Every structure is written in C-alpha cells, then in structure tokens.
Engineer: 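Quick one: structure below, then a few questions.
Just so you know, these numbers use all the heavy atoms, side chains as well, and skip hydrogens, waters and symmetry mates. Keep in mind it's a predicted model, so treat the numbers as computed, not measured. Letters A, B, ... are given to chains in the order of the sequence lines, protein chains preceding strands, and every chain is numbered from 1.
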Protein chains: 2
Amino acid sequence: MDAIGFERHDHSSCIRAGLDAVEQSCAERGLQLTPVRRRVLELLLEGHRAMGAYEILDILRKEGMGSQPPVAYRALDFLVSHGFAHKIERLNAFIACMHPGEDHTPAFLICRACDAVAEAHADPARGFLGQAVRETGFVVEQAVVEAVGLCPRCAGTRA
Amino acid sequence: MDAIGFERHDHSSCIRAGLDAVEQSCAERGLQLTPVRRRVLELLLEGHRAMGAYEILDILRKEGMGSQPPVAYRALDFLVSHGFAHKIERLNAFIACMHPGEDHTPAFLICRACDAVAEAHADPARGFLGQAVRETGFVVEQAVVEAVGLCPRCAGTRA
DNA sequence: TTGATATATGTAACCATATAACATATCAAG
DNA sequence: CTTGATATGTTATATGGTTACATATATCAA
C-alpha cells in the first residue's frame, strides 16, 4: 500500500504524466480518447481533487464542448470504467486515477477540512475483506474504501 | 471480523432484538427514540436490506407519519449519526446496523444480483488502512468499506 | 406551574445528481 | 462506399437531498 496526494509535487509534470499514461493505455487497448474524454481527464488532473459532474460540465459548456449532463457523465463513465478515474461515492464526485493502467483497488483518504483526496491502494484479497469473504462465501468483484478525516496539513494547523 | 446477513435466521426475533438494543442504548444516552425514528428503524429492520429514503417516506406517508422528504431524512440522520443505521453510499440507501451500540467500522458486502447487503466489520487501525495512514500522517475519523459482488446464493445459482 | 431554552416535527419550495430516449454524426472494417 | 459499431447532441425526466421557516413538544430551572 502506498499513498500520494497530500505532498507537494511538480503539478504540470504530473498532469503530463497522467495524460501520457492514459494515452498509451488507450492506444494499447484500442480505446478512443476523444477530445471530450481527454479534456475531462485533463480537468481532473489539473484540479487534482474530487470534482462534481456538473462542475466539469460548466467548464465544458464554457469551452463549447457540450452543454448537457450526458456529455459529462458519458466521458466520466468512460474514464471510470477503464480505470482512468474513480468515483468518490461519499462526495458524488470524480477524481483522476493516480495509478492508471495498474490493476488496483483504490482506498481514498478524504480531508473534511480542505477536501483534498489522496489515493492509496488496498489489497482486497488479504486483510480487510479476506476473512469476511471466507466466512460467508461472498464473491467480491469490486471494492471501495473511503476514509474521512484530516490530512496532515489540516491536522497540523488545528493541533 | 464477522459477518451476518446472508444466512437464514429468525427474522421476527432479530427485529425485536434490534429494537430492544436501540431502545436501551437511547435510554442510557438520553436520546429520544420518537415514534417516527422508531418506525423508520423498524422498517429498516423488517426490510433487512438497503432502503432508499423515498421508499421509506412513501410508507410513512401512507401511515400518516409525515409526507415530506425532511421527515425521512431527519429520522435517518438520527439513526445514522448514533450508529443505529448505516448509509450505503454506493446505493444511496440505508440499512439497520447489525451491531448497535458496539463501536465498529462497518464493511458492506453488496450482492449485485439480489441486492442483499451483509454487514461485516473491519478494524480500520490495522491492515487495510494502517499503512497508508502511517505513511501520510492522515488522521482517520471514519471509514467506509463497500464491496460489490455475488452473495453465496446468487453465486451458486449461476455457477 | 410557568417561562426559557433546546429539541423535534410539518410543510413548501428548491437544488443537486443522474438517466432515459432518441436523433445525428463519426469511425473502422470488409 | 456502405454497413455496423461507437460516440455525440439534445430534450425531458427521474432520483436523491437541502434550505428555510413555522409550529409543536420536551426539559429544566426559578
């Protein structure tokens, strides 16, 4: 398990790296990273935070890339279903994946003070779900872990 | 970690037990288990599944216990905030807690075929979040684990 | 037992999130 | 170049949740 998202970083290079990884992944898998899809991913990477579908839609609208909800939702569905972005259920919002291409079960750390979200990853097979699954015979296909609390910065400023 | 929810059980006694536990807990903590709150808890226990706020509201309406969304949401907020029920973010729905009174971090196993939900519990301190938290300094206050897949019965009938 | 404060309910109006349905356009392969 | 699959545009609507404000009920202290 490792985590990134609260540290400072070279943001413009992280946007480029994210786009590059997804472009490559799409090329390999024969997926179409169309202008709208690409722009939505870029917005998520630029924002580096969880963004609502309507917030994204507003930006698309201003840029003349479609003005109705399905435009945003379809692009987001594409990104989420191929693992290039994740939905934070707790916030009804979306965030770019920090490990595109890698098969992983994300775990999100959501700061309730500044709304920053860090993506860690958890192994669903062992530890937190393994035992319950073995006991019941439940077949896990997908798992979501969302923790709410205070990020290091916000925890520090109030301590 | 243990799990209940997919097994057959004596349902009327499980409803009674749930109500009794919450009644006692409210008495001890000076909380008011008003008629609406009590009825909503009863509905969740009877249904023994995740129910939407508007589904609950429809029933309350028929029974003359309030007809507007805030009535249902307020009762649900009360139950959730005191640990007597949980919200399943993934389904935008609510379910009675199977361990009322006990301090716990629930983990939900959601069957995508029959919509049954089982509540297991996970220890957030060790295992699935412990390492990420230690690495980042994030302070976890609350965590949600939701797994989607097939329950034993549904997995069996398709195998 | 009365008055003050906190807690709970009732209701109207509204905002936010998400999808259905259908028409049109573009792409990819034979 | 045409056929089938994939992607987009747009209208309308469904679903989930909150704000705001008026009224009622409980709690407790004087």
Engineer: Could you list the residues that satisfy side chain to side chain contact (heavy atoms under 4.5 Å, CB included) with C114(A), not counting sequence neighbours?
Structural biologist: C111(A), A116(A), C151(A), C154(A)
Engineer: From CZ of R90(A) over to P of dG17(D), roughly how many Å is that when rounded to an integer?
Structural biologist: 12 Å
Engineer: Taking protein heavy atoms under 4.0 Å as touching, what does nucleotides 12-30 of chain C look like 5' to 3' if B marks base contact, S marks sugar-phosphate-only contact and - marks none?
Structural biologist: B----BBBB----------
Engineer: Rounded to whole angstroms, how far apart are CG on L33(A) and C1' on dT6(D)?
Structural biologist: 15 Å
Engineer: Give the rounded distance in Å between these two atoms: CG of L31(A) and P of dA5(D).
Structural biologist: 18 Å
Engineer: Could you tell me whether a side-chain N or O of E119(B) sits under 3.5 Å from a main-chain N or O of M98(B), the two making a donor and an acceptor?
Structural biologist: yes
Engineer: Taking atom P of dT7(C) as reference, at what distance in whole Å does atom CZ of F78(B) sit?
Structural biologist: 13 Å
Engineer: Rounding to 10°, can you tell me the angle the first-five-pair axis of the helix from dT1(C)-dA30(D) to dG30(C)-dC1(D) makes with its last-five-pair axis?
Structural biologist: 30°
Engineer: Quick check: does any side chain N or O of E146(A) sit under 3.5 Å from a backbone N or O of E89(A), one acting as donor and the other as acceptor?
Structural biologist: yes
Engineer: Can you list everything that forms a ring-ring contact (aromatic ring centres under 6.0 Å, His included) with H82(A)? Sequence neighbours excluded, please.
Structural biologist: F78(A)
Engineer: Under the ring-ring contact (aromatic ring centres under 6.0 Å, His included) rule, what do H86(B) and F94(B) come out as? Steps first, then yes or no, please.
Structural biologist: CA-CA 6 Å; H86(B) 300 290; F94(B) 301 82; over 10 Å; no
Engineer: To the nearest angstrom, how far is R61(A) atom CZ from dT8(D) atom P?
Structural biologist: 17 Å
Engineer: Establish whether M51(B) and I15(B) are linked, either directly or via other cluster members, by ILVMFWY side-chain heavy-atom contacts under 4.5 Å.
Structural biologist: yes
Engineer: Please give, in whole Å, the distance from dT6(D) C1' to R29(A) CZ?
Structural biologist: 17 Å
Engineer: I'd like a table of donor-acceptor pairs (distance under 3.5 Å, sequence neighbours excluded) in which one partner is a side-chain atom from residues 56-74 of chain A, with atom names and distances.
Structural biologist:
| from | atom 1 | to | atom 2 | distance (Å) |
| --- | --- | --- | --- | --- |
| D58(A) | OD1 | R61(A) | NH1 | 3.1 |
| R61(A) | NE | S67(A) | O | 3.4 |
| R61(A) | NH2 | S67(A) | O | 2.6 |
| E63(A) | OE1 | R39(A) | NE | 2.9 |
| E63(A) | OE2 | R39(A) | NE | 3.4 |
| E63(A) | OE2 | R39(A) | NH2 | 2.8 |

Engineer: For A85(A), what residues pass the side chain to side chain contact (heavy atoms under 4.5 Å, CB included) criterion, not counting sequence neighbours?
Structural biologist: L44(A), L79(A), V80(A)
